[in-house]
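Below is one structure, written out as structure tokens, with a few remarks after it.
Only this structure's heavy atoms are used, side chains among them; waters, hydrogens and symmetry mates stay out. What you see is a predicted model; the values in this text were computed from it and never measured.
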Amino acid sequence: MNEEKFDLEDCGNPPDMATVESDVLTVDEEKLLDELGIFGESRRKFLGQVSTAGLSVLAMQLLAENEAFAASNGDVKTAAVKLENAVKVSMKVNGSAKSLDVDSRMTLLDALRERMDLTGSKKGCDHGQCGACTVIVDGQRVLSCLTLAATCEGADVTTIEGLATGEKLHPVQAAFIKHDGFQCGYCTPGQICSAVALMEEAKRGDASYVTENIQAKARSLNLSDDEIRERMSGNLCRCGAYPNILRAIKEVHTGKEQAQGWKFSESSETEVA
Amino acid sequence: MAKYIGKEMSRVDGFAKVTGQAKYASEYKIPNVAYGYIAQSEIAKGSIKSIDTSEAEKQSGVLKILTHLNCPKTKSKDEAFAALQSDKIVFSGQPIALVIAETFEQARFAARLIKTEYLKAEHVTEAEKAPTVEAPAGFFGKPKPRGDANTAFEKSEVKIEAEYTIPIEHHNAMEPHAAIAMWDGGKLMVFDKSQGVGTVQGHLAESFGIPKENVSVSSEFVGGAFGSALNPNYYSFIAACAAREINRPVKLNYTRRQMFTGNGYRPYTWQKVRIGASRDGKLQSIIHEAVGNTSSFENFGENPNSFGRTLYKCENYDTPYRLAKTDLPTPTWMRAPGAVSGAFALESALDELAYELNIDPLELRMINYAETDPETGKPFSSKALMECFKTGAKKFGWEKRKMEPRSMRDGRWLVGWGTATGLWGAYQAPATMKMTVRKDGSVYIGSATADIGPGTYTVITMIAAEYLGIEPDKIKFELGDTKLPNAPMQGGSLTVASVGTAAHGAAGQIKQKLLEIVLKMKNSPMADAKIDDVELADGVLRTKKDKGNSLTIGQILQEGGLDEVSVTHTSMPGKERGQYTTQAHGAQFVEVKVDEELGIIKVTRVMEATACGRIMNPKTSHSQEMGGVVGGIGMALTEITEIDHRYGRMTTTDLASYHVPSHADIHEIETEFVEEIDTVVNPLGVKGMGELCLVGIPAAIANAVFHATGKRFRDLPITPDKLI
Amino acid sequence: MRPFKYTRAAETAKAVEAISKNKNARFLAGGTNIIDLMKEDVARPDELVDINRLSFDQIKATSGGISLGALAKNTETANHPLVRQNLPLLSQAILAGASGQIRNMATNGGNLNQRTRCTYFYDTAMPCNKREPGTGCGAMEGINRMHAVFGWSEKCVAVHPSDMCVALAALDANVKVQGADGKTRSIAFADYHRLPGDSPELDNNLKHDDLITEIEIPKNNFAANSYYLKVRDRASYAFALVSVAAALDVSGGKIKDARIALGGVAHKPWRALEAEKFLKGKDATEANFKAAAEMEMKAAKPLEHNKFKVELGKRAVARALTMAMNGGKTA
């Protein structure tokens with residue numbers, strides 16, 4: 001519908017083809033700042049000018065070392081630090097055996113993020129109140145921020161980095177992209193790990209607080225929207241992608257394509273002033 | 001015909017985000033990095049009598065502890081809070097020390113061992129009891145009263161007068177603020193969570209008294225911000241101080257609790273609205289007073305009441321605004337700053353007026369529809385709000401609404417339908433983009449903008465693809481780094497209007513350069529062609545008349561003996577804008593179901609009809625709409641930062657007691673895009689809508705709750721205890 | 001978090017011995033509460049004895065009823081066929097608490113020993129007699145919207161946060177505990193948790209080295225008519241403002257037995273004994289439910305910000321009883 005509405009070339013070339021360097025406020029900027037109620041110091045900060053200096057060569061080298069750090073098998077290098085109450089722990093992470101000495105205080109989340117360079121699991125609150133750190137341990141979704149790494153001896157841990165096979169995404173990951181089940185992306189790994197485990201819970205026939213008949217135990221549940229919402233409530237999303245997350249999960253859960261929640265107004269063109 | 005613009009496109013950074021590969025500020029692997037942990041004050045006002053770090057320093061792994069006694073002094077004259085600068089305490093939760101240790105666990109523990117003695121002074125954290133000051137004037141001075149609001153109010157046939165309050169609310173983006181700072185000689189590099197790397201760069205350069213060129217800031221992915229990362233926050237400076245002191249990279253993360261005192265918040269707002277109207281519903285006067293809280297040391301204002309001045313036809317309008325100086329951290333912008341707070345009061349009051357007059361609330365808004373800007377008399381560059389009213393109402397089923405409160409039910413649930421109007425300026429700021437097109441048809445674009453979640457990576461890529469005629473997957477867009485050309489902060493819903501326009505302009509320049517090469521060719525196939533006679537499409541430059549008359553970009557560059565063509569283009573807001581008022585509008589319709597007995601409110605249906613120019617990508621735009629609605633549901637029903645004023649300390653400082661909406665709280669949210677053709681706002685005709693979609697929601701919900709229950713709630717949030 | 005020694009216990013005796021020897025040692029099971037509290041510096045053990053590898057994780061039918069292993073996870077318990085079939089009230093209560101992830105980690109024994117979520121208890125900058133006896137109760141005259149209306153003392157107005165325990169209280173569970181001497185004893189659920197009195201630092205009547213091994217729930221006739229209702233500030237993943245476990249044994253419209261317990265109103269799950277007594281022998285009608293609820297809430301003593309809990313308590317009790325009668329649906 002809107003293809004007809006806009007002849008892109010009619011947008012014309014930009015009004016000013018010259019490259020402009022300016023730290024003088026335009027009328028529009030002034031108006032903007034004014035309407036935003038931006039005064040004094042804040043106004044000046046708003047216009048913070050940017051230099052063209054980039055990250056230095058050193059930083060770029062450091063970043064290069066980032067690559068290919070995560071997937072390696074075997075001993076995870078101990079930082080050249082004396083750890084108090086060190087505990088040796090061996091676990092499987094995304095199929096790779098990992099063995100490391102940890103401070104007894106270290107959580108699984110920090111072990112993943114700070115020691116194994118698996119930063120896909122996020123630290124949103126560090127207190128079990130947001131779900132961003134959700135990983136799958138021995139088949140169950142758990143919070144890695146409330147799990148001591150020391151307790152993971154022999155555990156089989158799957159993180160967001162372990163769901164895809166190369167370029168081939170897990171169906172839940174693909175559905176999240178398709179239905180735009182995220183915005184900033186920070187809660188996303190936790191949402192996806194949670195959703196992946198949820199599918200298994202549904203197959204197993206697990207109940208939730210909104211399950212109508214707790215006594216009737218069935219397998220391979222067909223979860224209603226409210227069931228999915230309740231079961232995903234341990235994963236907060238501040239961007240508010242919930243309805244799209246629901247669509248993504250439902251599509252994988254039911255195998256049926258889910259419709260999007262937006263429309264272009266049919267009459268919008270005619271009524272435009 | 002558009003190939004990409006206006007079509008659904010999945011996010012170009014989607015793969016990185018769903019696989020955990022997207023790197024947020026504190027996730028870069030930096031060898032030899034040390035960990036910081038902030039210790040905070042336990043009193044709200046006074047000074048530090050003594051601070052004893054000796055026991056903490058003895059602990060294993062501790063490298064350094066910075067306090068006001070040994071932290072480098074900032075060279076910035078900024079009135080914003082700077083950490084560890086003096087013994088003065090100005091809010092509870094103020095950082096008093098930064099512990100640096102080999103590991104996070106060690107730093108966190110040592111921070112607990114710091115012993116502080118305070119000299120307490122009497123604090124005031126309750127805005128109602130705090131001294132107030134006139135809100136500082138904006139750039140053009142304070143908005144002057146329009147007409148004679150007091151006299152007109154007194155003379156009005158029907159009068160409404162009501163007071164509204166909104167508590168302090170926190171952004172609580174999922175990613176806590178964080179930075180990694182490191183020095184390379186005199187050069188500082190920082191990975192920071194920021195909505196505008198340029199501001200952090202400027203802040204750090206100024207704080208250390210070094211040239212901006214010596215400070216690099218990178219913010220590739222931002223885990224939500226909602227305004228909390230617009231201003232530089234205090235942590236990046238102390239992280240950089242620590243890195244310099246120990247000569248090692250330092251990583252510093254806020255804890256979730258520190259997110260309540262370290263990056264601002266939506267201020268507490270008290271508002272009083274007086275509306276005078278005639279019996280037939282015509283607005284005669286609006287006096288909309290507001291007081292917002294600020295800190296003792298900095299005046300933050302967000303003009304909550306002035307947003308309404310351009311919303312309705314009303315000749316007499318006054319918006320006095322004061323700030324209450326509290327011993328709390330300084331507030332900041334939080335999604336739809338000012339407007340959403342003001343809209344809650346004004347749009348609730350309008351609903352109250354509708355009931356006083358017995359006029360349908362939507363009808364009342366139509367009666368007072370402003371065809372031109374009532375403030376300046378200027379025409380709107382475009383305004384399809386009336387169409388939003390109509391189409392939104394139709395889709396929502398508004399005509400089935402019974403006016404009388406408590407008249408609609410679904411079993412034991414009382415059903416309420418409410419509406420409110422949203423408004424946000426259609427802004428544009430100067431933005432610069434570098435664009436390089438290579439012989440192989442690949443493209444690099446770069447601009448120091450941010451993508452905190454709206455989909456900037458995707459939409460700017462789409463715009464470049466559209467105007468270069470090159471497929472999006474051949475385009476690499478780099479943002480969030482001070483090495484890139486200047487762009488405005490991601491705030492105020494202006495990113496696509498600004499950076500998108502720069503991309504559009506840069507593509508125009510690329511076309512120009514390519515054409516110049518073609519025109520210089522011997523026997524040029526496009527001889528005499530003017531810039532408007534040709535187009536870039538499907539990877540070729542071709543004449544519009546004869547689409548077969550084309551050359552691939554590779555061929556052209558080959559002809560020119562070039563490997564690539566590159567431009568850096570700055571777009572400026574068009575001069576024509578000055579003759580118009582440029583705004584985006586929306587009508588918001590909400591259904592609530594209320595279990596009155598137990599105090600439970602469910603927002604079961606939301607219809608957003610939005611007129612914000614042209615939609616670039618309905619998929620990401622709809623996500624923005626949803627996000628605004630969810631934020632609005634939180635604001636209306638669940639979110640409050642409680643303060644125990646005896647201690648001047650916030651008490652709900654975690655995600656268990658500060659309730660952001662959960663999955664189970666969110667139901668149907670639909671968006672109807674009423675597109676506008678607006679060539680005034682910018683060449684793309686785009687207005688932005690990241691804030692607009694939130695503006696009317698809290699009011700629409702409160703109005704719906706009134707319709708359901710007959711009870712008017714003027715103090716947010718409407719928690720179960722208030723319904724009982 | 002203070003440094004602590006971590007040990008993994010392979011057998012019960014060793015675990016109990018380790019705890020007996022060290023006053024500052026604590027058992028570690030699911031960890032969902034203690035790790036949180038240690039990060040906040042509210043809990044400061046110098047030794048954690050990991051008991052997750054001990055074998056108290058069975059859920060089984062016994063001659064007297066159903067036994068829940070202390071180390072069985074909340075999720076497993078709520079979904080166990082024996083529990084769903086015979087104790088649906090307990091399943092619902094467990095599922096009303098926390099989130100799927102937390103229920104997968106949390107154990108039954110640990111759930112009993114959750115500490116209050118009072119924000120003054122959690123913030124070491126605030127006074128709290130429970131965290132630091134003698135410092136005063138911050139909530140008493142502070143922000144006490146979430147706090148107790150029953151059984152509080154001048155020393156403490158905190159509430160117990162568990163949902164599971166509210167159902168266990170209603171169902172007259174017994175907690176089996178193994179002491180340092182290796183002997184097992186049974187504590188009636190009503191005697192397990194304490195009211196704050198003069199020692200709010202004590203949540204329950206366990207000794208330092210007691211290890212919970214199982215929770216027994218006697219047979220009952222409530223499975224057909226029970227409901228767990230939870231009212232909270234958001235629809236899920238939030239602690240209760242007021243919750244109600246309601247169970248009725250009804251025959252021919254007459255109430256033979258009634259069990260009602262409330263959560264979010266006291267330092268321990270609050271059994272509504274008055275209401276139960278009133279309902280016995282009466283018709284299962286909404287009028288009687290309301291009268292019972294009214295009677296029970298008369299004794300409530302609200303604080304400045306939680307007066308609403310008295311009215312909400314009445315309505316929630318009546319509603320939960322109604323829903324118990326209607327198989328979980330409202331009329």
Side-chain angles (χ1 to χ4, degrees), chain A residues 2-3 8 11 13-15 19-20 28-30 32 34-35 37 39 41 45 48 50-51 53-56 58-59 66 81 84 103 105 117 119-120 124-125 129-130 160-161 164 173 176-177 180 183-189 229-230 232-233 238-240 242-243 261-262 264-265 268 271-272, chain B residues 1 6 10 14 17-18 20 22 27 29 60 79 102 105 136 138-139 174-175 184 189 198-199 202 212-213 216 223-224 256 301-303 387 391 425 427 429 448 453 482-483 486 505 508 570 573-574 618-619 622-623 626-627 630 655-656 662-664 666 669-676 683:
Chain A
N2 67 321
E3 286 92 323
L8 289 166
C11 292
N13 287 303
T19 296
V20 184
D28 213 60
E29 267 183 298
E30 285 170 347
L32 159 69
D34 199 54
E35 288 183 37
F39 319 121
E41 280 300 301
K45 276 184 288 189
V50 187
S51 84
L55 285 174
S56 79
L58 170 67
N66 247 332
V81 176
E84 282 185 293
D103 186 317
R105 293 170 292 186
D117 199 33
T119 54
C125 73
Q129 300 163 353
C130 78
I160 189 72
E161 291 93 340
Q173 290 174 309
F176 265 63
I177 294 180
D180 212 31
Q183 292 176 40
C184 79
Y186 200 78
C187 74
T188 313
R229 288 180 183 121
E230 164 60 25
M232 287 299 293
S233 282
R238 190 55 160 158
C239 295
Y242 296 132
W262 55 269
F264 283 108
S265 175
S268 62
E271 293 286 333
V272 167
Chain B
M1 199 167 94
S10 292
K17 283 180 173 174
V18 303
E27 297 180 344
K29 178 91 190 160
S60 161
E79 63 187 357
E102 294 286 356
E105 291 79 13
F139 200 77
M174 294 313 298
E175 181 202 15
D184 178 12
M189 288 155 283
T199 56
K212 259 192 288 201
E213 292 69 30
S216 311
R256 179 54 58 180
E302 56 169 16
N303 288 338
E387 187 53 31
T391 195
Y427 304 117
T482 48
K483 74 182 178 192
N486 200 359
T570 297
K619 188 182 247 188
H622 174 58
S623 287
M626 284 188 323
V630 173
L655 291 176
S662 73
H663 265 279
I666 304 306
I669 300 169
E670 287 174 80
T671 306
E672 188 85 6
F673 294 113
V674 180
E675 285 205 296
E676 298 165 316

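Residue contact with chain A, scored on non-hydrogen atoms closer than 4.5 Å, involves the backbone and the side chain of B:Ala656 alike. Contacts between A:Asp103 and chain B at a heavy-atom distance below 4.5 Å involve the side chain alone, from C-beta outward. With a threshold of 4.5 angstrom between heavy atoms, B:Val18 approaches chain A through its backbone and through its side chain.
Across all non-hydrogen atoms, the minimal contact from A:Ser233 to B:Ala664 is OG-N, 3.1 Å. The minimum heavy-atom distance between A:Cys184 and B:Gly223, with the atom names listed, is SG-C, 3.3 Å. A pairwise comparison of heavy atoms in A:Glu161 and B:Gly20 identifies OE2-O, 4.2 Å as the closest pair. Across all their heavy atoms, B:His663 and A:Met232 have their closest contact at CD2-O, 2.9 Å. When all heavy atoms of A:Cys187 and B:Met174 are compared, the pair lying nearest together is CB-CG, 4.2 Å. Across every non-hydrogen atom of A:Asp180 and B:Lys619, the tightest pair is OD2-O, 3.6 Å.
When the salt bridge (charged side-chain N to carboxylate O under 4.0 Å, His left out) test is applied to A:Glu230, no partner is found at least two apart in sequence or on another chain.
Rounded to the nearest 0.5 angstrom, B:Glu175 CD and A:Tyr186 OH are separated by 5.0 Å.
Judged purely by atom type and a 3.5 angstrom limit, B:Glu675 has no side-chain atom pairing as donor or acceptor with the backbone of A:Phe264. A donor-acceptor distance shorter than 3.5 angstrom exists from the side chain of B:Lys17 to the backbone of A:Gln183, with no hydrogens or angles considered.
Interface check for chain A: of the options B:Gly14, B:Ser10, B:Pro618, B:Gly627, the most heavy-atom pairs under 4.5 Å are formed by B:Pro618. The choice from A:Arg229, A:Glu84, A:Arg105 that makes the most heavy-atom pairs within less than 4.5 Å of chain B is A:Arg229.
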